[in-house]
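Here the structure comes first, spelled out in C-alpha coordinates, and everything after it is commentary.
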Amino acid sequence: MEKWLETARRYDADDQLSKYRDEFYIGENLYYMDGNSLGLMSRRAEASVLDVMDDWKTLGIDGWTEGERPWFYMSERIGELMAGLIGADPVSVLATNSTTVNIHQTVRTLYQPTEDRYKILVDELNFPSDIYAVQAVLDDYGHGDGLLKAKSRDGHNLETEDIIALMDESVALILLPAVLYRSGQILDMERLTRAAHEKGIIIGFDLCHSIGAIPHELKDWGVDFAVWCTYKHLNGGPGSVAGLYVHPKHHHKQVSLRGWFGNNKESQFDMDHTFDPAADISQYQIGTPHILSMAPLLGALEIFNEAGIADVREKSLKLTGFMLEMLDAEFEKYGFEIVTPRPADARGGHVLIGHENAAGINAALKSRGVIPDFRAPSFVRIAPVALYNSFEDVYHALKILKEIMDDGTYKKFGNRRGVVA
Ligand SMILES: Cc1ncc(COP(=O)(O)O)c(C=O)c1O
Ligand SMILES: Nc1c(O)cccc1C(=O)C[C@H](N)C(=O)O
(Lines give C-alpha, C1' and ligand atoms only; values in the text may rest on other atoms or scores of the structure.)
(Ligands and ions follow the chains in the order given, each with its own letter.)
Protein backbone atom coordinates (compact mmCIF):
# COMPACT_ATOMS: atom_id res chain seq x y z
CA MET A 1 0.00 0.00 0.00
CA GLU A 2 2.96 2.30 0.65
CA LYS A 3 3.50 3.04 -3.05
CA TRP A 4 -0.08 4.36 -3.29
CA LEU A 5 0.61 6.80 -0.49
CA GLU A 6 3.61 8.11 -2.39
CA THR A 7 1.52 8.51 -5.54
CA ALA A 8 -1.22 10.28 -3.56
CA ARG A 9 1.29 12.71 -2.07
CA ARG A 10 2.78 13.40 -5.49
CA TYR A 11 -0.66 14.14 -6.94
CA ASP A 12 -1.51 16.38 -3.96
CA ALA A 13 1.70 18.36 -4.41
CA ASP A 14 0.65 19.00 -8.00
CA ASP A 15 -2.97 19.90 -7.20
CA GLN A 16 -3.91 23.46 -8.23
CA LEU A 17 -7.22 23.25 -6.34
CA SER A 18 -5.76 22.18 -3.00
CA LYS A 19 -5.96 25.78 -1.75
CA TYR A 20 -9.77 25.46 -1.58
CA ARG A 21 -9.68 22.60 0.93
CA ASP A 22 -9.10 25.02 3.83
CA GLU A 23 -12.23 26.93 2.87
CA PHE A 24 -14.35 23.97 3.99
CA TYR A 25 -15.23 22.64 7.41
CA ILE A 26 -13.75 19.16 7.34
CA GLY A 27 -13.92 17.19 10.58
CA GLU A 28 -10.73 16.00 12.23
CA ASN A 29 -9.60 12.58 10.94
CA LEU A 30 -12.62 12.42 8.70
CA TYR A 31 -12.50 11.22 5.11
CA TYR A 32 -15.72 12.73 3.83
CA MET A 33 -16.73 11.07 0.54
CA ASP A 34 -20.43 11.88 0.48
CA GLY A 35 -20.42 15.22 -1.32
CA ASN A 36 -22.74 13.73 -3.93
CA SER A 37 -25.45 13.46 -1.28
CA LEU A 38 -24.67 16.47 0.92
CA GLY A 39 -21.69 18.71 0.15
CA LEU A 40 -19.68 20.18 3.02
CA MET A 41 -20.10 23.69 4.39
CA SER A 42 -17.61 26.29 3.24
CA ARG A 43 -16.68 29.41 5.18
CA ARG A 44 -17.96 31.49 2.27
CA ALA A 45 -21.36 29.76 2.35
CA GLU A 46 -21.52 30.33 6.09
CA ALA A 47 -20.59 34.00 5.67
CA SER A 48 -23.25 34.58 3.01
CA VAL A 49 -25.95 33.13 5.29
CA LEU A 50 -24.78 35.44 8.09
CA ASP A 51 -24.81 38.41 5.71
CA VAL A 52 -28.39 37.68 4.69
CA MET A 53 -29.38 37.21 8.33
CA ASP A 54 -27.79 40.57 9.04
CA ASP A 55 -29.88 42.19 6.30
CA TRP A 56 -33.00 40.73 7.92
CA LYS A 57 -31.80 42.04 11.31
CA THR A 58 -31.04 45.55 10.11
CA LEU A 59 -33.37 46.11 7.14
CA GLY A 60 -36.53 44.16 7.99
CA ILE A 61 -38.98 44.32 5.07
CA ASP A 62 -36.63 46.56 3.09
CA GLY A 63 -34.29 43.59 2.68
CA TRP A 64 -36.41 42.69 -0.36
CA THR A 65 -35.06 45.60 -2.33
CA GLU A 66 -32.19 47.16 -0.32
CA GLY A 67 -28.74 46.01 0.68
CA GLU A 68 -26.13 44.27 -1.43
CA ARG A 69 -28.23 41.15 -1.93
CA PRO A 70 -31.86 42.24 -2.44
CA TRP A 71 -34.05 39.20 -1.77
CA PHE A 72 -36.52 40.11 -4.53
CA TYR A 73 -33.89 39.34 -7.20
CA MET A 74 -31.95 36.59 -5.42
CA SER A 75 -33.41 33.67 -7.45
CA GLU A 76 -32.23 35.32 -10.66
CA ARG A 77 -28.89 36.34 -9.13
CA ILE A 78 -28.13 32.75 -8.13
CA GLY A 79 -29.31 31.63 -11.56
CA GLU A 80 -26.63 33.87 -13.06
CA LEU A 81 -24.01 32.34 -10.79
CA MET A 82 -24.99 28.82 -11.95
CA ALA A 83 -25.26 29.60 -15.69
CA GLY A 84 -21.57 28.96 -16.43
CA LEU A 85 -21.74 25.52 -14.82
CA ILE A 86 -24.34 24.34 -17.33
CA GLY A 87 -23.44 26.33 -20.46
CA ALA A 88 -26.51 28.55 -20.47
CA ASP A 89 -27.39 32.22 -20.75
CA PRO A 90 -28.05 33.70 -17.31
CA VAL A 91 -31.61 34.70 -18.34
CA SER A 92 -32.49 31.01 -18.73
CA VAL A 93 -31.40 29.86 -15.28
CA LEU A 94 -33.14 30.23 -11.94
CA ALA A 95 -32.81 29.09 -8.32
CA THR A 96 -36.26 28.10 -7.10
CA ASN A 97 -38.30 25.40 -5.35
CA SER A 98 -36.99 21.86 -4.91
CA THR A 99 -35.86 19.55 -7.70
CA THR A 100 -39.07 17.57 -7.50
CA VAL A 101 -41.27 20.67 -7.71
CA ASN A 102 -39.17 21.86 -10.64
CA ILE A 103 -39.81 18.55 -12.42
CA HIS A 104 -43.56 19.03 -11.92
CA GLN A 105 -43.27 22.62 -13.12
CA THR A 106 -41.11 22.04 -16.23
CA VAL A 107 -42.75 18.79 -17.33
CA ARG A 108 -46.28 20.13 -16.83
CA THR A 109 -45.42 23.27 -18.73
CA LEU A 110 -43.65 21.66 -21.69
CA TYR A 111 -45.67 18.44 -22.01
CA GLN A 112 -48.23 18.97 -24.77
CA PRO A 113 -49.81 15.60 -25.44
CA THR A 114 -51.99 14.77 -28.41
CA GLU A 115 -54.11 11.68 -28.94
CA ASP A 116 -51.24 9.83 -30.65
CA ARG A 117 -48.25 11.44 -29.03
CA TYR A 118 -48.55 11.38 -25.24
CA LYS A 119 -45.86 9.09 -23.78
CA ILE A 120 -43.08 10.27 -21.49
CA LEU A 121 -39.81 8.39 -21.82
CA VAL A 122 -37.72 7.86 -18.67
CA ASP A 123 -35.33 5.09 -17.61
CA GLU A 124 -35.64 2.29 -15.14
CA LEU A 125 -32.62 3.43 -13.10
CA ASN A 126 -33.70 6.99 -12.35
CA PHE A 127 -34.26 8.42 -8.87
CA PRO A 128 -37.77 7.62 -7.53
CA SER A 129 -38.89 11.23 -7.11
CA ASP A 130 -38.44 11.89 -10.84
CA ILE A 131 -40.60 8.90 -11.68
CA TYR A 132 -43.30 9.82 -9.14
CA ALA A 133 -43.52 13.33 -10.56
CA VAL A 134 -43.69 12.22 -14.19
CA GLN A 135 -46.29 9.56 -13.40
CA ALA A 136 -48.38 12.17 -11.56
CA VAL A 137 -48.33 14.43 -14.62
CA LEU A 138 -49.40 11.53 -16.85
CA ASP A 139 -52.18 10.58 -14.43
CA ASP A 140 -53.45 14.16 -14.27
CA TYR A 141 -53.56 14.38 -18.06
CA GLY A 142 -55.45 11.08 -18.33
CA HIS A 143 -52.45 9.21 -19.80
CA GLY A 144 -51.57 7.04 -16.81
CA ASP A 145 -50.34 4.27 -19.11
CA GLY A 146 -47.94 6.60 -20.91
CA LEU A 147 -44.78 6.00 -18.86
CA LEU A 148 -42.15 4.38 -21.09
CA LYS A 149 -38.99 3.15 -19.34
CA ALA A 150 -35.67 2.53 -21.09
CA LYS A 151 -34.22 -0.69 -19.69
CA SER A 152 -30.70 -1.32 -18.54
CA ARG A 153 -28.89 -4.36 -19.94
CA ASP A 154 -26.73 -4.93 -16.86
CA GLY A 155 -28.94 -3.40 -14.15
CA HIS A 156 -26.50 -0.51 -13.60
CA ASN A 157 -25.93 1.51 -16.75
CA LEU A 158 -27.81 2.54 -19.89
CA GLU A 159 -26.93 2.24 -23.56
CA THR A 160 -27.56 5.38 -25.61
CA GLU A 161 -28.84 3.37 -28.57
CA ASP A 162 -31.39 1.53 -26.36
CA ILE A 163 -32.84 4.90 -25.32
CA ILE A 164 -32.83 6.25 -28.88
CA ALA A 165 -34.57 3.10 -30.11
CA LEU A 166 -37.57 4.04 -27.94
CA MET A 167 -37.88 7.54 -29.40
CA ASP A 168 -40.80 7.27 -31.78
CA GLU A 169 -43.83 9.35 -32.77
CA SER A 170 -45.74 8.25 -29.65
CA VAL A 171 -43.29 10.02 -27.32
CA ALA A 172 -44.04 13.63 -26.34
CA LEU A 173 -41.32 14.26 -23.76
CA ILE A 174 -38.17 12.69 -22.30
CA LEU A 175 -36.68 13.11 -18.82
CA LEU A 176 -33.33 11.44 -18.12
CA PRO A 177 -30.55 11.84 -15.56
CA ALA A 178 -27.32 13.48 -16.73
CA VAL A 179 -25.35 11.28 -14.31
CA LEU A 180 -27.00 8.18 -12.86
CA TYR A 181 -27.33 8.49 -9.09
CA ARG A 182 -26.13 4.97 -8.41
CA SER A 183 -23.59 3.92 -11.04
CA GLY A 184 -22.28 7.43 -11.77
CA GLN A 185 -22.59 6.89 -15.54
CA ILE A 186 -22.79 10.07 -17.65
CA LEU A 187 -25.37 9.93 -20.41
CA ASP A 188 -24.50 11.41 -23.79
CA MET A 189 -26.77 14.44 -23.47
CA GLU A 190 -25.76 15.95 -26.81
CA ARG A 191 -26.49 12.82 -28.83
CA LEU A 192 -29.72 12.08 -26.98
CA THR A 193 -30.93 15.64 -27.52
CA ARG A 194 -30.16 15.49 -31.23
CA ALA A 195 -31.99 12.18 -31.59
CA ALA A 196 -35.01 13.44 -29.61
CA HIS A 197 -35.31 16.57 -31.72
CA GLU A 198 -35.10 14.57 -34.94
CA LYS A 199 -38.30 12.91 -33.73
CA GLY A 200 -39.88 16.17 -32.55
CA ILE A 201 -39.62 15.25 -28.85
CA ILE A 202 -38.98 17.68 -25.98
CA ILE A 203 -36.03 16.52 -23.85
CA GLY A 204 -34.86 17.47 -20.37
CA PHE A 205 -32.22 16.25 -17.93
CA ASP A 206 -31.95 15.93 -14.16
CA LEU A 207 -28.51 17.34 -13.30
CA CYS A 208 -28.60 16.52 -9.56
CA HIS A 209 -25.46 14.36 -9.81
CA SER A 210 -23.71 16.23 -12.59
CA ILE A 211 -23.86 19.95 -11.76
CA GLY A 212 -20.66 21.02 -10.07
CA ALA A 213 -18.96 17.75 -11.05
CA ILE A 214 -18.86 17.92 -14.85
CA PRO A 215 -19.23 20.74 -17.42
CA HIS A 216 -22.39 20.98 -19.55
CA GLU A 217 -23.24 22.88 -22.73
CA LEU A 218 -27.03 22.85 -22.48
CA LYS A 219 -27.63 25.77 -24.81
CA ASP A 220 -25.30 24.52 -27.55
CA TRP A 221 -26.75 21.03 -27.29
CA GLY A 222 -30.26 22.48 -27.58
CA VAL A 223 -31.55 20.79 -24.40
CA ASP A 224 -35.13 21.95 -23.75
CA PHE A 225 -35.04 21.98 -19.95
CA ALA A 226 -33.06 20.84 -16.91
CA VAL A 227 -33.52 20.65 -13.14
CA TRP A 228 -31.05 20.07 -10.31
CA CYS A 229 -30.51 20.23 -6.59
CA THR A 230 -27.83 22.42 -5.04
CA TYR A 231 -27.01 20.55 -1.84
CA LYS A 232 -24.73 17.93 -3.41
CA HIS A 233 -21.71 19.07 -5.48
CA LEU A 234 -22.72 22.74 -5.20
CA ASN A 235 -22.46 22.67 -1.38
CA GLY A 236 -25.60 24.75 -0.72
CA GLY A 237 -26.52 22.94 2.53
CA PRO A 238 -29.40 20.62 3.48
CA GLY A 239 -32.56 21.53 1.58
CA SER A 240 -30.94 24.41 -0.29
CA VAL A 241 -33.09 25.82 -3.09
CA ALA A 242 -32.95 23.90 -6.39
CA GLY A 243 -32.20 25.11 -9.92
CA LEU A 244 -33.83 24.98 -13.30
CA TYR A 245 -33.05 25.79 -16.90
CA VAL A 246 -35.49 26.29 -19.74
CA HIS A 247 -34.31 26.96 -23.29
CA PRO A 248 -35.20 30.51 -24.42
CA LYS A 249 -37.35 29.11 -27.27
CA HIS A 250 -39.88 27.99 -24.62
CA HIS A 251 -39.96 31.17 -22.54
CA HIS A 252 -43.13 32.39 -24.26
CA LYS A 253 -45.13 29.40 -22.94
CA GLN A 254 -47.08 30.13 -19.77
CA VAL A 255 -46.05 28.01 -16.80
CA SER A 256 -48.41 25.42 -15.43
CA LEU A 257 -47.85 26.01 -11.69
CA ARG A 258 -48.57 29.71 -11.36
CA GLY A 259 -47.92 31.96 -8.42
CA TRP A 260 -47.31 35.60 -7.78
CA PHE A 261 -43.50 35.31 -7.86
CA GLY A 262 -43.78 34.12 -11.49
CA ASN A 263 -45.46 37.40 -12.33
CA ASN A 264 -43.69 40.25 -14.11
CA LYS A 265 -41.78 41.94 -11.29
CA GLU A 266 -42.87 45.44 -12.31
CA SER A 267 -46.56 44.59 -11.99
CA GLN A 268 -46.35 41.96 -9.20
CA PHE A 269 -47.32 44.41 -6.48
CA ASP A 270 -50.27 45.74 -8.47
CA MET A 271 -51.93 42.61 -7.04
CA ASP A 272 -54.04 42.15 -10.14
CA HIS A 273 -55.95 38.87 -10.44
CA THR A 274 -54.80 38.33 -14.02
CA PHE A 275 -51.42 36.58 -14.17
CA ASP A 276 -48.92 38.75 -16.05
CA PRO A 277 -46.07 36.25 -16.57
CA ALA A 278 -42.47 37.38 -16.43
CA ALA A 279 -41.04 37.33 -19.95
CA ASP A 280 -38.08 35.12 -19.03
CA ILE A 281 -37.21 32.24 -16.73
CA SER A 282 -38.51 34.18 -13.67
CA GLN A 283 -41.95 32.94 -14.64
CA TYR A 284 -41.00 29.50 -13.26
CA GLN A 285 -41.01 30.78 -9.66
CA ILE A 286 -44.16 30.07 -7.72
CA GLY A 287 -44.37 31.54 -4.21
CA THR A 288 -42.09 33.57 -1.96
CA PRO A 289 -38.49 32.38 -2.41
CA HIS A 290 -36.83 30.56 0.49
CA ILE A 291 -34.24 33.23 1.07
CA LEU A 292 -32.43 31.59 3.97
CA SER A 293 -32.10 28.35 2.01
CA MET A 294 -30.69 30.23 -0.96
CA ALA A 295 -28.25 32.38 0.99
CA PRO A 296 -25.46 29.75 1.31
CA LEU A 297 -25.34 29.48 -2.48
CA LEU A 298 -24.12 33.05 -2.83
CA GLY A 299 -20.87 32.06 -1.12
CA ALA A 300 -20.71 28.46 -2.30
CA LEU A 301 -21.05 29.39 -5.99
CA GLU A 302 -18.44 32.11 -5.73
CA ILE A 303 -15.91 29.34 -5.08
CA PHE A 304 -17.01 27.46 -8.21
CA ASN A 305 -16.82 30.53 -10.37
CA GLU A 306 -13.33 31.21 -9.08
CA ALA A 307 -12.01 27.63 -9.37
CA GLY A 308 -13.62 26.97 -12.77
CA ILE A 309 -15.59 23.86 -13.65
CA ALA A 310 -12.94 22.67 -16.16
CA ASP A 311 -10.30 22.38 -13.41
CA VAL A 312 -12.83 20.85 -11.02
CA ARG A 313 -13.61 18.18 -13.61
CA GLU A 314 -9.95 17.50 -14.35
CA LYS A 315 -9.17 16.89 -10.68
CA SER A 316 -12.37 14.91 -10.12
CA LEU A 317 -11.45 12.51 -12.94
CA LYS A 318 -7.95 12.12 -11.51
CA LEU A 319 -9.41 11.38 -8.04
CA THR A 320 -11.88 8.75 -9.27
CA GLY A 321 -9.21 7.38 -11.64
CA PHE A 322 -6.79 6.97 -8.72
CA MET A 323 -9.52 5.29 -6.68
CA LEU A 324 -10.37 2.86 -9.49
CA GLU A 325 -6.71 2.03 -10.01
CA MET A 326 -6.29 1.19 -6.31
CA LEU A 327 -9.50 -0.84 -6.29
CA ASP A 328 -8.33 -2.85 -9.30
CA ALA A 329 -4.91 -3.49 -7.88
CA GLU A 330 -5.65 -4.17 -4.23
CA PHE A 331 -9.22 -5.39 -3.83
CA GLU A 332 -9.67 -8.29 -6.21
CA LYS A 333 -9.86 -10.95 -3.49
CA TYR A 334 -12.74 -9.29 -1.57
CA GLY A 335 -15.43 -9.86 -4.20
CA PHE A 336 -16.34 -6.22 -4.95
CA GLU A 337 -18.14 -5.43 -8.16
CA ILE A 338 -16.96 -2.12 -9.59
CA VAL A 339 -20.00 -0.71 -11.31
CA THR A 340 -18.93 2.77 -12.43
CA PRO A 341 -17.98 2.99 -16.12
CA ARG A 342 -14.23 3.36 -16.78
CA PRO A 343 -14.04 5.77 -19.77
CA ALA A 344 -13.54 9.36 -18.66
CA ASP A 345 -16.40 10.63 -20.81
CA ALA A 346 -18.81 8.16 -19.21
CA ARG A 347 -17.80 8.63 -15.56
CA GLY A 348 -19.31 11.31 -13.32
CA GLY A 349 -18.00 12.41 -9.92
CA HIS A 350 -18.51 9.27 -7.86
CA VAL A 351 -17.69 5.57 -7.81
CA LEU A 352 -20.13 2.76 -7.01
CA ILE A 353 -18.95 -0.58 -5.67
CA GLY A 354 -21.17 -3.57 -5.03
CA HIS A 355 -20.79 -6.21 -2.30
CA GLU A 356 -23.24 -8.59 -0.68
CA ASN A 357 -22.34 -7.05 2.73
CA ALA A 358 -22.47 -3.45 1.49
CA ALA A 359 -24.62 -2.10 4.35
CA GLY A 360 -22.28 -3.56 6.99
CA ILE A 361 -19.20 -2.34 5.11
CA ASN A 362 -20.71 1.16 4.86
CA ALA A 363 -21.43 1.21 8.61
CA ALA A 364 -17.94 -0.08 9.44
CA LEU A 365 -16.36 2.60 7.24
CA LYS A 366 -18.36 5.32 8.98
CA SER A 367 -17.25 4.03 12.39
CA ARG A 368 -13.66 4.56 11.21
CA GLY A 369 -14.23 8.11 9.92
CA VAL A 370 -14.76 7.29 6.23
CA ILE A 371 -18.09 8.75 5.06
CA PRO A 372 -19.53 7.19 1.89
CA ASP A 373 -23.18 6.17 1.56
CA PHE A 374 -25.05 2.94 1.11
CA ARG A 375 -27.52 2.52 -1.72
CA ALA A 376 -29.93 -0.40 -1.79
CA PRO A 377 -29.77 -3.22 -2.42
CA SER A 378 -26.01 -3.82 -2.04
CA PHE A 379 -23.85 -0.85 -3.00
CA VAL A 380 -21.48 1.67 -1.44
CA ARG A 381 -21.16 5.04 -3.19
CA ILE A 382 -17.91 6.95 -2.76
CA ALA A 383 -17.47 10.52 -3.95
CA PRO A 384 -14.04 12.15 -3.68
CA VAL A 385 -14.85 15.83 -4.27
CA ALA A 386 -12.39 18.02 -6.16
CA LEU A 387 -12.84 21.18 -4.07
CA TYR A 388 -12.15 19.59 -0.69
CA ASN A 389 -10.85 16.03 -0.97
CA SER A 390 -7.20 15.21 -1.42
CA PHE A 391 -5.59 12.19 -3.06
CA GLU A 392 -4.35 11.25 0.40
CA ASP A 393 -8.01 11.15 1.54
CA VAL A 394 -8.67 8.58 -1.18
CA TYR A 395 -5.66 6.57 -0.10
CA HIS A 396 -6.73 6.57 3.58
CA ALA A 397 -10.36 5.75 2.75
CA LEU A 398 -9.31 2.71 0.73
CA LYS A 399 -6.68 1.67 3.24
CA ILE A 400 -9.38 1.63 5.91
CA LEU A 401 -11.70 -0.29 3.58
CA LYS A 402 -8.96 -2.89 3.13
CA GLU A 403 -8.47 -3.19 6.91
CA ILE A 404 -12.19 -3.66 7.45
CA MET A 405 -12.27 -6.42 4.84
CA ASP A 406 -9.12 -8.10 6.19
CA ASP A 407 -10.19 -8.15 9.84
CA GLY A 408 -13.86 -8.78 9.07
CA THR A 409 -15.10 -6.01 11.42
CA TYR A 410 -17.87 -5.14 8.96
CA LYS A 411 -19.62 -8.34 10.08
CA LYS A 412 -20.20 -6.79 13.53
CA PHE A 413 -22.41 -4.11 12.03
CA GLY A 414 -25.08 -6.39 10.60
CA ASN A 415 -26.14 -5.73 7.05
CA ARG A 416 -29.06 -3.31 7.37
CA ARG A 417 -29.27 0.25 6.17
CA GLY A 418 -30.08 3.22 8.43
CA VAL A 419 -33.37 5.14 8.13
CA VAL A 420 -31.52 7.81 6.13
CA ALA A 421 -28.79 6.06 4.15
C1 LIG B 1 -31.47 12.41 -9.42
C2 LIG B 1 -32.25 13.04 -8.29
N3 LIG B 1 -33.44 13.63 -8.56
C4 LIG B 1 -34.17 14.18 -7.58
C5 LIG B 1 -33.74 14.18 -6.27
C6 LIG B 1 -34.65 14.78 -5.23
O7 LIG B 1 -34.52 16.13 -5.16
P8 LIG B 1 -35.37 17.04 -4.15
O9 LIG B 1 -35.40 16.32 -2.85
O10 LIG B 1 -34.58 18.31 -4.11
O11 LIG B 1 -36.70 17.24 -4.71
C12 LIG B 1 -32.47 13.61 -5.95
C13 LIG B 1 -31.90 13.60 -4.60
O14 LIG B 1 -32.47 13.75 -3.58
C15 LIG B 1 -31.74 13.02 -7.00
O16 LIG B 1 -30.58 12.43 -6.75
N1 LIG C 1 -31.95 14.71 -0.48
C2 LIG C 1 -31.50 13.88 0.49
C3 LIG C 1 -31.97 13.98 1.80
O4 LIG C 1 -32.91 14.92 2.06
C5 LIG C 1 -31.49 13.11 2.80
C6 LIG C 1 -30.50 12.19 2.47
C7 LIG C 1 -30.04 12.05 1.18
C8 LIG C 1 -30.55 12.87 0.20
C9 LIG C 1 -30.12 12.74 -1.19
O10 LIG C 1 -29.95 13.72 -1.84
C11 LIG C 1 -29.98 11.41 -1.78
C12 LIG C 1 -29.49 11.51 -3.17
N13 LIG C 1 -30.43 12.17 -4.07
C14 LIG C 1 -29.08 10.21 -3.80
O15 LIG C 1 -28.50 10.27 -4.84
O16 LIG C 1 -29.30 9.15 -3.28
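Indexing begins at 1, ligand by ligand and atom by atom, following the structure's order. When a residue number appears, it is its place in the shown sequence, counting from 1.
Close N/O approach between N126 and ligand 1 is not found [any backbone or side-chain N/O within under 3.5 Å]. The shortest N/O to N/O separation between H209 and ligand 1 falls below 3.5 Å.
Close approach to S37 involves these atoms of ligand 2, each under 4.0 Å from a residue heavy atom: 7 (C), 8 (C), 9 (C), 10 (O), 11 (C). When each atom of ligand 1 is checked for a heavy atom of D130 under 4.0 Å away, the hits are 2 (C), 3 (N), 4 (C). The ligand atoms of ligand 1 that sit less than 4.0 angstrom from a heavy atom of Y231 are 6 (C), 7 (O), 8 (P), 9 (O), 10 (O), 13 (C), 14 (O). Close contacts between ligand 2 and Y181 involve ligand atoms 15 (O), 16 (O) [criterion: under 4.0 Å to a heavy atom]. Atoms of ligand 2 found under 4.0 Å from any heavy atom of R381 (numbered from 1 in listed order, with element): 14 (C), 15 (O), 16 (O).
If you check which protein heavy atom lies closest to atom 13 (N) of ligand 2, you get K232 NZ, 2.6 Å. Of the protein's heavy atoms, T100 OG1, 2.4 Å lies nearest to atom 11 (O) of ligand 1. The protein non-hydrogen atom at the shortest distance from atom 1 (N) of ligand 2 is Y231 OH, 3.2 Å. When only non-hydrogen protein atoms are considered, atom 5 (C) of ligand 2 lies nearest to V420 CG1, 4.2 Å. The protein heavy atom nearest to atom 6 (C) of ligand 1 is F127 CE2, 3.6 Å.
Across L38, V227, D206, heavy-atom proximity to atom 2 (C) of ligand 1 is greatest for D206.
Note on ring orientation: taking the six-membered ring where Trp is involved, the planes of F261 and F72 are perpendicular (angle over 60°, cut-offs 30° and 60°).
Of all non-hydrogen atoms in Y395 and A8, the two that sit nearest each other are CB-CB, 4.2 Å.
Between W64 and Y73, the distance separating the two ring centers is not shorter than 6.0 angstrom. Ring pair F322/Y11: centre-to-centre distance below 6.0 Å. Ring-centre distance between H355 and F374: not below the 6.0 Å cut-off. The ring of F331 has its center closer than 6.0 angstrom to the ring center of Y334.
With salt bridges taken as basic N to acidic carboxylate O contacts below 4.0 Å, none links K399 and E330.
For atom 15 (O) of ligand 2, the protein comes within 4.0 Å by at least one heavy atom. Within the 4.0 Å cut-off (strictly below), a protein heavy atom is located near atom 11 (C) of ligand 2.
Looking at R342 and L324, their side chains come closer than 4.5 Å, going by heavy atoms from C-beta outward. Side-chain contact between E403 and R368: present, with at least one pair of heavy atoms (C-beta onward) separated by less than 4.5 Å.
Although no hydrogens or angles enter the test, the distance criterion places a donor-acceptor pair under 3.5 Å between the side chain of S152 and the main chain of H156.
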